[in-house]
Amino acid sequence: MAASIFRNAGQILLPVKFAISRRLCLASQSPPQLHGFSNLDSLVSAVITAVTSCASISNCRSIHCKVMKSLSFSHGFIGDQLVSAYLRLGFTKDACNMFDELPDRDLVSWNSFISGFSRRGDLSNCLNAFSAMKLETGVEANEGTIVPLISACTETRALDIGTYIHGFILKFGMLLELRIANVLINMYGKSGYLDGASGLFEAIPIPNLVSWNSIIAVHVQTGKPEEGIGYFIRSRRAGIKPDQGTLITTLEACEELGSAKLAEAIHGFLFITGLDSNLTLATGLLSLYSKLGSLVASQKVFGHIRNPDSIAWTAMLASYGVHGKGKEAVKTFKLMVKEGVAPDHVTFTHLLNACSHAGLLKEGRAGLLSDAYKLIISMPMKPNSGVWGALMGACKKHNNIELGKEAFDNMLALEPLDSRNYLSLSNMYSSAGLRKEASEVRGLMKKRSVIRIPGSSCIEHEKRIHRFVSGDRSHPLEEEISKKLEELVKKVRGSGAWARTEFVLQDVDDEEVREDMINKHSEKLAIGREIIIRDTKRFHHFSNGSCSCRDYW
DNA sequence: ATAGGGTTAG
């Protein structure tokens, strides 16, 4: 009973931790009672679970000492739990030493050992443990062994090893286990083998919710949002009740498609099912509307959130930022702090971005990059890849290659598989004329099989979505589209809107690129009504002959 | 009903 209470202790850690340490002291003070193991075993295991979920090594060690003093850790799964805790906290050596000493290693011991490495993305140690396990007599792998192994392959994009394990799975007839099929769908899908993922999915007799969520997610995340939505519709027909994960993914698909209509349809669905009061989904929706260009809609959604947490506040702040409303972003930040919600590194990243877009920061305007660097280094929390990305963007703008490279290295250590990181470094080199370095970066990307999803633009017309990638000539009306564009550009030139913006692009040498960029910005100014349009970084609101960015871009 | 990862917000 006590154990089941403690098992759910993750959410209310502080009081629980206190209660636990008192119970433990009592236990170790009265050794005679320790011979009735079953109660204490379950208590101690719950203790370890609770303590490790707050990720503190000192807590873990003190528990370890107390357990060692009061009874042998060889009993039950206490040893397994401690090994797993050490691994999770990054004390690999301690964990391995302890694992070697465990006298009765059963299947669960091995599985949690492998799982510990997998969580840290340590594929080679996963494989070492797996080989060692096969040598140990009487222990046969099951789905608890395979799932973390495949997961580690997915994380590290080690598709060759993953495929080998797939072979192992087939050999031992383990594909019938649904959880294994689901992680395989995830692995093949995330590695860009959507056919493989779909093939596996179709072979499942009765896919469950996770199967559906996985097949939807891998399509949406690898540049196939239409297909993802297709699977979502199929899941509805199959009578599957979607959960938070399903709908977050469909919101992501709306973003990819740039479809406000689909977003509204899903918003309606959320409303009907009552899921619109789900904080995660409301936050996702808010952010989506903002990304689709409607700041007003995102404000509305935020207004309906009862107790916004730091993530929701940050989403609202970021919305103001990408819409060029730097002052509103700062206001939101102050309000958030006033409400007693603690900002974190992501909040600060968006705040910095919002300020630099709006030209509010001296650092942004004058290119005082080393100051920005110092700011990042002295931040109270560990900078994430977004912070480094913001610095790198500034470095590119001001041609500071050296600092840009440093930002890249930091960024890559945190997000080694995000193609955007590689591309922004490569772009920085290209725009500085360093072609050799640029192609090296692209080579590195290829070598690590980082998948690049080409950027594209969509427009919704009469219930159909038309998608264009750069230089795309595949649209059936391609000729007419090109003609119309040329016509527009000519009109703009004649209107005089041309000269106004030209000075902005002094740092772009390539005449063609320069002209193109100016066209994109100025042609919207020539038209009378409000137009909202997105560039690679944020939104521009054009009305009454001026843009919300005040030509700061 | 059994210690162990199936997918998924800023």
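Computed from a predicted model, the values in this text were never measured in an experiment. Residue numbers start from 1 in every chain, and the chains themselves are labelled A, B, ... in the order their sequence lines are given, proteins ahead of strands.
- Residues passing the side-chain hydrogen bond (donor to acceptor under 3.5 Å, both in side chains) test with A:Glu202, sequence neighbours excluded: A:Arg234.
- Qualifying side-chain hydrogen bond (donor to acceptor under 3.5 Å, both in side chains) partners for A:Asn142, counting only residues two or more places apart in sequence or in other chains: A:Asn111, A:Thr145.
- B:dG6 and B:dG10 have their P atoms separated by 22 Å, with the value rounded to a whole Å.
- For A:Ser124, the side-chain hydrogen bond (donor to acceptor under 3.5 Å, both in side chains) partners at least two apart in sequence or on another chain are A:Asp122.
- A:Asp106 comes within 4.0 angstrom of nothing in the nucleic acid, heavy atoms only.
- Within residues 160-171 of chain A, no residue approaches DNA chain B, by heavy-atom distance under 4.0 Å.
- Among residues two or more places apart in sequence or in another chain, the side-chain contact (heavy atoms from CB on, under 4.5 Å) test is passed with A:Thr249 by A:Ile216, A:Ala217, A:Val220.
- DNA chain B is contacted by A:Asn208, A:Val210, A:Asn213 of residues 199-213 of chain A, taking any non-hydrogen atom closer than 4.0 Å.
- Listed by first and then second residue, the salt bridge (charged side-chain N to carboxylate O under 4.0 Å, His left out) pairs involving residues 175-187 of chain A are A:Glu143-A:Arg179, A:Glu177-A:Arg179 (not counting sequence neighbours).
- Listed by first and then second residue, the side chain to side chain donor-acceptor pair (under 3.5 Å) pairs involving residues 152-169 of chain A are A:His166-A:Tyr188 (not counting sequence neighbours).
- In this view, A:Asp106 and A:Ser109 satisfy the side-chain hydrogen bond (donor to acceptor under 3.5 Å, both in side chains) rule, not counting sequence neighbours.
- Distance A:Glu143 CD to B:dT2 P: 14 Å, rounded to the nearest Å.
- At the heavy-atom level, A:Thr347 lies under 4.0 Å from base atoms of the strands shown.
- Among pairs with a residue in residues 301-320 of chain A, none fulfils salt bridge (charged side-chain N to carboxylate O under 4.0 Å, His left out), at least two apart in sequence or across chains.
- Applying the side chain to side chain donor-acceptor pair (under 3.5 Å) rule to pairs touching residues 209-219 of chain A yields A:Asn182-A:Ser211, A:Asn208-A:Ser211, A:Asn213-A:Asp243, A:Asn213-A:Thr246, sequence neighbours excluded.
- Ring centers of A:Phe130 and A:Phe168: under 6.0 Å apart, within the cut-off.
- A heavy atom closer than 4.0 Å to some atom of DNA chain B occurs in A:Arg119, these being the qualifying members of residues 119-127 of chain A.
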